[in-house]
Every structure is written in C-alpha cells, then in structure tokens.
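Only this structure's heavy atoms are used, side chains among them; waters, hydrogens and symmetry mates stay out. Both ligands and their constituent atoms are indexed starting at 1 by order of listing.
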Amino acid sequence: MLDYIIVGFGLSGLSFVERLEKEGKTYIVFEDGSQKSSRVAGGLYNPVILKRFTAAWQAVEQLEKAVPFYQSIEAKLNKKLIFPLPIYRRFNSVEEQNTWFEACDKPVLERFLSANLLTNSNTGLDIPYHFGEVKGTGRIDIQQMLSLYLQYIDTKESLKKEVFEYDQLQIEKEYVVYKGFQARHIVFCEGFGVKNNPFFNYLPLVGNKGEYLIIKSEKLKLNEAVKSSVFIIPLRNDLYKVGATYNNKDKTPEITTEAKEELQKKLNTVLRAPYEVVDQVSGIRPTVRDRRPLLGTHPVHKNVHILNGLGSRGILIGPTVGEHLFNFIEQGTPLEPSISIERFKELR
Ligand SMILES: Cc1cc2nc3c(=O)[nH]c(=O)nc-3n(C[C@H](O)[C@H](O)[C@H](O)COP(=O)(O)OP(=O)(O)OC[C@H]3O[C@@H](n4cnc5c(N)ncnc54)[C@H](O)[C@@H]3O)c2cc1C
C-alpha cells in the first residue's frame, strides 16, 4: 500500500511530491507530457504586478516559502536552479514614473521597488524614460528542475511515464487502486489537463494560452530581465525569452504565427540590437475564473484530491499550496475558503 498516487508532474505535482518526500511518504507519479505550461514558463519569481505596481495575492508570504523550497531542491538534485535576476521596468511616461514613486512608499512594496530610477546605458535597448528596478526577484530553471526531479523519482522506481486513464481507477472507502497500485490517496495535478478528468472537470478552470519566442542577439548583452509591453529574459549564450502572450480563447497546444507577430511587434518597440528568432513555445496556464488556486477533496470520494489553478504564478504559489493541501489531507487543517474547491460547490 502506497501513501499517494500523483497524476501530473508540473509545478503543482512537484510541490506536492516534494512535501511527501519531506514527510517520508511513499508515492508513484503518472506523467504523460500532454501539458507544457510549467516546461515553457519564463521561470520568473516576482511578487509585484508590474502593470499597476501592486503586490500580487499573498505574494510576499509565498516568496518567503518559495526560495527555501527551491534551495532545498537544488541541494537534493545537486544542481544550480535559482538565478537571482533583477527586473528593470521600462517606463512609458513621466506619470508612470510618479506612480512608481508612490508605490515605493507602500510598506509591503518598499523592499522590492527601488526608489532610485536607473538610466539606460545599453545601446541595444530603446528606453525613452528611466527604468524602475524590482529587487529580490529571480529565475528558476524550471525545465531543468522538472527533468532532473523526474530522473530522481525514476531511479526510485516511483515514476510511470504514461497517460493516466481515469476509467481504470477503482475507488474504495479507505484506498484507491489503479493498474495494480494501491494507495491511501490520489492527488490530481494535471494543470489544464484536468478538463479531461471526470472527477473535477466541473470546476471553472478557464485556461490561458501563453507563447514565448526564443531569440538570439549577440549585441544585446543583458544581465537583467527587462519588462516593457513584453518581458525580455536572459537565458545563456546570447539567448533570450521574449513574451509572453495571453490568450483565453485558443486552447490548442500549437504555436501560432499570430503570437509570433504580436511578440515581434512589441519587441521591435524596445529592441535596437539585431536579433533572430530561433524558437517558439506555447503552453496553457491553468487559470481559474476567480484567479485563485483549486485545492480540496472530491465531494463524494474522500481519498480523491486536487491541486490546480496555479494560474500565471506557479513558482510562487506552488510551495505554499502544496503544503496547505498536505496538511488538509493528513491533519485536517482547514483550507482557506478562497482556495478551497468548496467555493464552487454549486457547480457540481
Ligand atoms: C508562457 C507561459 C509563461 C509563464 N511564465 C511564468 C513565470 O515566469 N513565472 C511563474 O511563476 N509562472 C509562469 N507561468 C505559469 C506557470 O507555468 C503555471 O502556473 C504552472 O505551470 C502550472 O503548473 P501545473 O503543474 O499546475 O500545470 P502543468 O505544468 O500543465 O502540469 C500538469 C502536468 O500534468 C500532466 N498530465 C495532465 N493530464 C495527465 C494525465 N491524464 N496523465 C498523466 N499526466 C497528465 C501534464 O503532462 C503536465 O506535465 C507561465 C505559463 C506559461 C504558459
């Protein structure tokens, strides 16, 4: 008898599995590669909403949990995965600069927003006003982290690289059985893939498609992420991620020429250095109608659970909600109403 079956290994699956590891629980993971949100993400952790200069929902508390969480994964996998990276917000007007100064004085933001505006010295960029610097931010190499973590659980023989077939799940009162694996609980962490899940597809997960371009620019030489109408995120070897788009109509996994054109148009307003597009990626963010995560237990089956709805900020939210769901299942610690699936009980 295992403790858990986990379906899906993006940022939500990883957050829960890491909690299981810390608590000495046994598990098996099913992962079929059907969703790409975590694997294509920009990897930025940033508690500030850069459109309005406000703090994102519970982001400061989440950041305090997230950094040590990823540090302990770095140590476990013996690989550098966290890259501190300031974000430079390009201002479009003097009014915007003034709004920034007002935000700098707000108690929750003062440690993140620098009151010293920066003048651009990079000839590869077109910056008509100043930059505002966001501090305490960084990038996680999510792709590397997920792939190394999957290798790690594979060596423990705790990974099945296959589609989870919902109709094969047998649910008993005290345990579940799936293709010969018996476990006390099952947790679904499928991101947008939950749309195919008959236990939880009543939940209002909307989904928002995001695409990035990967560009190469030898002349740009950026050491920080620049945010204008798009993000330019330095990777390595003169490569940069540019994006992302937000599209809540198209739910197909393919990359599109519309997104490429939109991103290049925006990029061309800020980039003077020559560049070439070398790749394009896309994924569907698991966004929810009310922009909050989805955690909880199936209304009828007490050993069937969900961890989803990480939206566009999975890096920060994941470690906190992984812990909340674990404490809820194992210790009965109540979930905050704003993240519990109970808030959608009228949709069942
Ligand atoms: C373009 C883009 C940029 C982003 N940038 C950032 C960023 O910079 N910072 C940030 O914090 N967040 C970012 N995000 C958001 C972040 O990626 C999401 O919050 C996060 O990926 C959600 O993780 P998840 O594990 O819930 O979903 P997913 O990553 O979609 O993972 C679900 C997993 O379940 C698997 N699965 C599904 N169904 C089944 C099944 N039946 N059987 C087996 N396996 C199954 C899928 O293959 C997948 O691996 C971005 C997202 C996108 C799309």
I need the atoms of ligand 1 closer than 4.0 Å to a non-hydrogen atom of [X], numbered in the order shown.
| X | result |
| --- | --- |
| Ser34 | 36 (N), 37 (C), 38 (N), 46 (C), 47 (O) |
| Gly10 | 25 (O), 29 (O), 31 (O), 33 (C) |
| Glu162 | 43 (C) |
| Leu310 | 19 (O) |
| Gly283 | 53 (C) |
| Cys189 | 32 (C), 33 (C), 34 (O) |
| Gly33 | 47 (O) |
| Phe9 | 33 (C), 34 (O) |

Would [X] and [Y] count as having a side-chain donor-acceptor pair, cut-off 3.5 Å?
| X | Y | value |
| --- | --- | --- |
| Gln62 | Tyr45 | no |
| Glu211 | Thr256 | yes |
| Gln35 | Ser37 | no |

Name the closest protein heavy atom to [atom], giving the residue it belongs to and the distance to 0.1 Å.
| atom | answer |
| --- | --- |
| atom 5 (N) of ligand 1 | Gly42 N, 3.1 Å |
| atom 23 (O) of ligand 1 | Ser38 OG, 3.1 Å |
| atom 11 (O) of ligand 1 | Ile315 N, 3.0 Å |
| atom 26 (O) of ligand 1 | Ser12 OG, 3.0 Å |
| atom 13 (C) of ligand 1 | Ser312 O, 3.4 Å |
| atom 3 (C) of ligand 1 | Tyr212 CE1, 3.4 Å |
| atom 40 (C) of ligand 1 | Asp32 OD2, 3.4 Å |
| atom 9 (N) of ligand 1 | Leu44 O, 2.9 Å |

For [X] and ligand 1, does the shortest N/O to N/O distance drop below 3.5 Å?
| X | answer |
| --- | --- |
| Arg285 | no |
| Gly43 | yes |
| Gly193 | no |
| Val40 | no |
| Pro286 | no |

Salt bridge (Lys or Arg N to Asp or Glu O under 4.0 Å) evaluation trace for Asp141 with Lys79:
CA-CA 10 Å; Asp141 190 342; Lys79 181 80 190 170; over 6 Å; no

Can you find a non-hydrogen atom of [X] under 4.0 Å from ligand 1?
| X | value |
| --- | --- |
| Arg139 | no |
| Tyr166 | yes |
| Lys209 | no |

Parallel under 30°, tilted from 30 to 60°, perpendicular over 60°: which one fits the rings of Phe188 and Phe199?
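Parallel: the ring planes of Phe188 and Phe199 meet at under 30°.
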
His185 and His305 aromatic ring geometry - parallel, tilted or perpendicular at 30°/60° bounds
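Answer is tilted, since the angle falls between 30° and 60°.
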
So, applying side chain to side chain contact (heavy atoms under 4.5 Å, CB included) with Leu2, which one of Tyr175, Tyr27, Phe181 is it?
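Testing each of Tyr175, Tyr27, Phe181 against Leu2, the sole residue satisfying side chain to side chain contact (heavy atoms under 4.5 Å, CB included) is Phe181.
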
With Tyr88 via ring-ring contact (aromatic ring centres under 6.0 Å, His included) - residues at least two apart:
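Partners of Tyr88 by the ring-ring contact (aromatic ring centres under 6.0 Å, His included) criterion, ordered by chain and then number, come out as Phe131.
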
Quick one: look at Phe164 and ligand 1, take heavy-atom pairs under 4.0 Å, and tell me if it's side chain, backbone, both or neither.
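Near ligand 1, Phe164 shows its backbone as well as its side chain.
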
Have a look at ligand 1 and work out which part of Ser282, if any, has a heavy atom under 4.0 Å from it: side chain, backbone, both or neither.
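Neither; nothing of Ser282 gets under 4.0 Å from ligand 1.
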
For [atom], which of [options] has the closest heavy atom?
| atom | options | result |
| --- | --- | --- |
| atom 35 (C) of ligand 1 | Gln35, Glu31, Lys195 | Glu31 |
| atom 37 (C) of ligand 1 | Glu190, Lys160, Lys161 | Glu190 |
| atom 27 (O) of ligand 1 | Ala41, Gly191, Gly318 | Gly191 |

Could you walk me through whether Arg348 and Glu342 pass the salt bridge (Lys or Arg N to Asp or Glu O under 4.0 Å) check?
CA-CA 10 Å; Arg348 283 175 200 157; Glu342 281 300 301; 2.6 Å; yes

Is [X] reaching over with its side chain to a backbone N or O of [Y], donor-acceptor style, under 3.5 angstrom?
| X | Y | answer |
| --- | --- | --- |
| Lys266 | Asn268 | no |
| Glu262 | Thr245 | no |
| Asn303 | Glu172 | yes |

With Lys209 as reference, evaluate Thr287, Asp250, Asn248 under the side chain to side chain donor-acceptor pair (under 3.5 Å) test and give the passing residue.
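With Lys209 as partner, side chain to side chain donor-acceptor pair (under 3.5 Å) holds for just one option, Asp250.
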
N-O pairing of Asp238 and Lys216 below 4.0 Å:
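Not counted as a salt bridge, because no side-chain N and carboxylate O are separated by less than 4.0 Å.
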
Would you please test Arg184 and Glu330 for salt bridge (Lys or Arg N to Asp or Glu O under 4.0 Å) and show each step?
CA-CA 11 Å; Arg184 291 195 301 121; Glu330 293 287 336; 3.3 Å; yes

Go through it in stages, so that I can follow the logic: the residues are Lys156 and Glu21, the test is salt bridge (Lys or Arg N to Asp or Glu O under 4.0 Å), and I'd like the CA-CA distance, side-chain angles, deciding distance and then a yes or no.
CA-CA 12 Å; Lys156 293 174 59 172; Glu21 289 249 321; 2.5 Å; yes

Taking only residues two or more places apart in sequence or in another chain, which ones pass side-chain hydrogen bond (donor to acceptor under 3.5 Å, both in side chains) with Arg139?
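So Arg139 forms no side-chain hydrogen bond (donor to acceptor under 3.5 Å, both in side chains) with any residue.
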
